[in-house]
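Have a look at the structure below, then the notes.
We name chains A, B, ... by the order of the sequence lines, and we start the count at 1 in each one.
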Protein chains: 2
Amino acid sequence: MILQTPYLLFLGDAPDPLSGKVAQGIKDWRPDLCVGQFRQEGCKADLGLPDLSIREAIDAGAKTLVVGVANRGGFISELWKGVFIEAMEAGMDIASGLHNLLTDDPKLVEVAHSRNCQLIDVRIPQVEYPIANGKPRTGKRCLAVGTDCSVGKMYTALAMDKAMRDAGRASTFRATGQTGILITGDGVPLDAVIADFMAGAVEYLTPDNDAEHWDMIEGQGSLFHASYSGVTMALVHGGAPDALVLCHEPTREHMRGLPDYQLPSLKDLRDVALTLARVVNPGCEVVGVSINTAALSEEDASKLCKDIEKEMGIPTVDPYRHGAERLIAELK
Amino acid sequence: MILQTPYLLFLGDAPDPLSGKVAQGIKDWRPDLCVGQFRQEGCKADLGLPDLSIREAIDAGAKTLVVGVANRGGFISELWKGVFIEAMEAGMDIASGLHNLLTDDPKLVEVAHSRNCQLIDVRIPQVEYPIANGKPRTGKRCLAVGTDCSVGKMYTALAMDKAMRDAGRASTFRATGQTGILITGDGVPLDAVIADFMAGAVEYLTPDNDAEHWDMIEGQGSLFHASYSGVTMALVHGGAPDALVLCHEPTREHMRGLPDYQLPSLKDLRDVALTLARVVNPGCEVVGVSINTAALSEEDASKLCKDIEKEMGIPTVDPYRHGAERLIAELK
């Protein structure tokens, strides 16, 4: 699955900025891929990009309209569909991470077929992944693992990838979820892969590479999350990481979606993740801790990172807030 | 997915007894469900059941023809298809765990449709499983976990289930693989479930039950097997076991299909499996060890079990060879 770039980011009639967070993520991490935004009447989200018509976007080189906004009511509205059809008639592909699939809509499928455009639902695997073979691969890999779901694993991997490239080092962010795939244009929608092929999909995503090259693998779920731990396990074994970064959100009161489950400690996460990772890569090390301090003041954020660093004995930062330099310095 | 019983076991033109091991498993564990066997010219397998024609099987009450033999060459032969069509025309369903799906064959689909019969490919999930909710359930659960794939987890769970029922205790074998599903007529084909729904499928398979009732859950893969560990993890968290039995095959020289991987020790398996299981069920205990001694003499088998029991400090038996009584005595 590879999306044609650059993108026109579709915000539609987004009711608030949060509903456009996929588009925001693409703009934050890959501004060079974005020619502009497309907004409809009543849109309450704004990425600060030029507002373009379909024609203007085509003239600016846009190859794919990316649905960067969550839909409401469990269906894709006629208001949106009109734009998607116009975009395809002008020659663009349409890409979406929505639960409601573009390819389930007969009218969109008909237009895509007649115009020879692609409808790309990034929730659906486009590849027949192999069964994992567990063989060592050249190059290096870093995996973000979390005390819970949604604690900042994607942002951690993206921030580390950016810091690596800013430092002139070879690095590739490897997306394993819908938003990550839309941000980078490529990846594996791991939560939608058939069980037997999960680890193989991660091996496929992180192939042999130059000796000094690092894959920054987006984590999913948590080894301690009852609903999704199997997906995380496939990342730990399929990714064969040389380095793990522990990710944590300090204000979370219980595991996401599981009110009766407490979060594990960072030490528990370290011990379990490292034991499992070393089954496949005996040289694996935990190199740092990434704290999502979005809910904290600057002062509280700095103090918390210092306290955790003292307790864990490894660099501890909020890479989105303070930069990922101290984390990538540990990747050797 | 529920198969109508009793069964006619189809052996076709099996080239050797081993190719009929699915049928052998059904006959070993559920002889009461089997009215007879169907063999074709050249068949080298024999279950010791009456050889029946389709008509005789119908008269004996058979509701489903179960394909109990592996096919050759990656296709379902015309020789077999003729029998399947005759069986459907006589009113039977057809069930299969083959990689080649019955439902991919237009002729079989056409006959099934016209005769209102079911073609049941047990490799394909028939249910939309939920996302796991991690909530405690009433009743008890035991899960077989292995140092590797194919070390005897299914036979261990079946032997424990049989010993429980022989002792007058409430127990249900819960199948998670194709052969197990064909043996019991029900279950979840876990390796074919979409990643996000694996743990939920196991919760669905092992619902609330009477306080004294035990589910004997068939294990899959191994937490130490790079290709399939994610599936195993979903069993450990979705199954929420109260008891774990460690399964091992002592002559295995490396992990199945992974020549460069050594098997973990039973102590390593115990420690990792128990740590992970207690995330969901803090009361979980490792209650025993099951050794597959098929490759050993009686004397060697007994000595090995005694030695391991001394090392591990918990009952250690080959439940298929020596009975599972000592294992189920630990289920309280």
message = Please find the pair of heavy atoms, one from B:Met198 and one from A:Ala195, that lie closest to each other, and give the distance.
response = SD-CB, 3.5 Å

inquiry  = Quick check for you: among A:Leu223, A:Leu190, A:Thr275, A:Thr232, which has the greatest number of heavy-atom pairs under 4.5 Å with chain B?
reply    = A:Leu223

inquiry  = Please give me the minimum heavy-atom distance between B:Ala132 and A:Ser227, naming the atom from each residue.
reply    = O-OG, 2.6 Å

key: Check: A:Ile194 and B:Ile194 side chains under 4.5 Å, non-hydrogen atoms   = yes

query = Nearest 0.5 Å, what's the CE-CG distance between A:Met233 and B:Leu276?
reply = 6.0 Å

Residue part contacting chain A, namely of B:Leu235, when any heavy atom lies under 4.5 Å = neither

inquiry  = Heavy-atom pairs under 4.5 Å with chain A - which of B:Asp271, B:Asn133, B:Ile131, B:Val272 has more of them than the others?
reply    = B:Ile131

note = Under 4.5 Å to a heavy atom of chain A? For B:Val279 that would be both

ask   = Which heavy atom in A:His237 sits nearest to a heavy atom in B:His225, and how many Å separate them?
value = ND1-O, 4.2 Å

Most chain B-contacting option - heavy-atom pairs closer than 4.5 Å, from A:Pro136, A:Ser229, A:Ala199 = A:Ser229

key: B:Tyr261, part contacting chain A, at a heavy-atom distance under 4.5 Å   = side chain

ask   = Taking B:Val280, B:Val231, B:Val236, B:Val202 one by one, which has the highest count of heavy-atom pairs under 4.5 Å against chain A?
value = B:Val280

Crowding at NE2, B:His99 (>12 non-hydrogen neighbours, <6.0 Å) = no

